[in-house]
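Here is the structure we will look at, set down as structure tokens.
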Amino acid sequence: QEVKIFRALILGELERGQSQFQALCFVTRLHRNEIIPSESMAKLRQKNPRTVRQAEEVRGLEHLSMDVAVNFSKAAQLSSHIHNVCAEAREAIYTREEDVKFWLEKGVDGSMFEVLPQGSELPGLQRCRLCPDRWKPCICSYSLSIEWYPCMLKYCRSRDAAGKVSSYKCGIRSCQKGYTFDYYVPQKQLCLWDEET
């Protein structure tokens, strides 16, 4: 179904009485050419696999408003991976309305999606970092960065005996990309990291 899944595990802060970790899952549409095909990955061998790599290209920060909740028990038809990847985040799986529209057109059952309250519906709804009351609903922000991922194939050129130039796949171009996700939480207590940013 062309699905991209981000999972974040946030460790609890013992000095705040949080012994557990908190899990979040963000599910968005995977666009074509956003990542290289797995068949190409399998064919291209990586030299020195233990090397810590630096991305060759830094792609811009993407700001996503996650305005829809995904029902974990029904999410398998969207992607079979959600059950494994998002198991700890059952109550915190988010997506975007524009992605939901795309999946509904593909025939996905709409009952797994629930539109979250918006600022226009709740006039007092503010960003969690500005909200003084820990038990009030607010808009939480979570940022993450993918430091290295295979984003494009590299092509090299060769010249045959007759001087004819041809290109062939000869490697992988790597990228780095940052994301910021905004989403509704029923109480600020679920978004305490937002105070520090």
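Given the structure is predicted, the values throughout are model-derived calculations rather than measurements. Values below: every heavy atom of this structure, side chains too, minus hydrogens, waters and symmetry copies.
- With a 4.5 Å cut-off on side-chain heavy atoms, Pro132 and Gln126 count as touching.
- Ring geometry, Phe181 versus Phe26: the interplanar angle falls under 30°, so the pair is classed parallel (tilted spans 30 to 60°).
- Put simply, Tyr183 and Leu61 are part of two different groups of oily side chains (I, L, V, M, F, W, Y) that touch within less than 4.5 Å, one to the next.
- Salt bridge status for Arg59 with Glu57: present, with a side-chain N to carboxylate O gap under 4.0 Å.
- Gln77 places a side-chain N or O within donor-acceptor distance of the main-chain N or O of Asp109, the cut-off being under 3.5 Å.
- The main-chain N or O of Gln22 is never found under 3.5 Å from a side-chain atom of Glu88 such that the two would form a donor-acceptor pair.
- Put simply, the side chain of Ile10 reaches to within 4.5 Å of the side chain of Trp193, judged on heavy atoms.
- Contact of the Phe113 side chain with the Leu78 side chain is registered, since non-hydrogen atoms from C-beta on lie closer than 4.5 Å.
- Annotation: cation-pi pair Lys4/Phe6 absent, no NZ/CZ under 6.0 Å from the ring centroid and within 45° of its normal.
- Checking Ser65, Ser141, Ser143 one by one against Thr180, the side chain to side chain donor-acceptor pair (under 3.5 Å) holds for a single residue, Ser143.
- For the residue pair Met66 and Val27, the shortest heavy atom distance occurs at CE-O, 3.8 Å.
- Counting heavy-atom neighbours within 6.0 Å of Glu56 CD, excluding the residue itself, gives a total above 12.
- For the pair Lys188 (side chain) and Asp133 (backbone), a donor-acceptor distance under 3.5 Å is absent.
- Under the 4.5 Å side-chain criterion, counting only non-hydrogen atoms from C-beta, Val3 is in contact with Ile5.
- With contacts defined as side-chain heavy-atom distances shorter than 4.5 Å, the pair Leu192/Arg134 qualifies.
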task = Kindly indicate, with the supporting measurements, whether the criterion side chain to side chain donor-acceptor pair (under 3.5 Å) is fulfilled by Asp99 and Thr28.
result = CA-CA 6 Å; Asp99 294 327; Thr28 63; 4.9 Å; no

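- Few gaps surround NE2 on His83; more than 12 heavy atoms of other groups in view lie less than 6.0 Å from it.
- Residue Val85 comes nearest to Arg7 through the heavy atom pair O-CD, 2.8 Å, listed as atom of the first residue, atom of the second, then distance.
- Using a 4.5 Å heavy-atom cutoff, the side chains of Arg96 and Asp67 are in contact.
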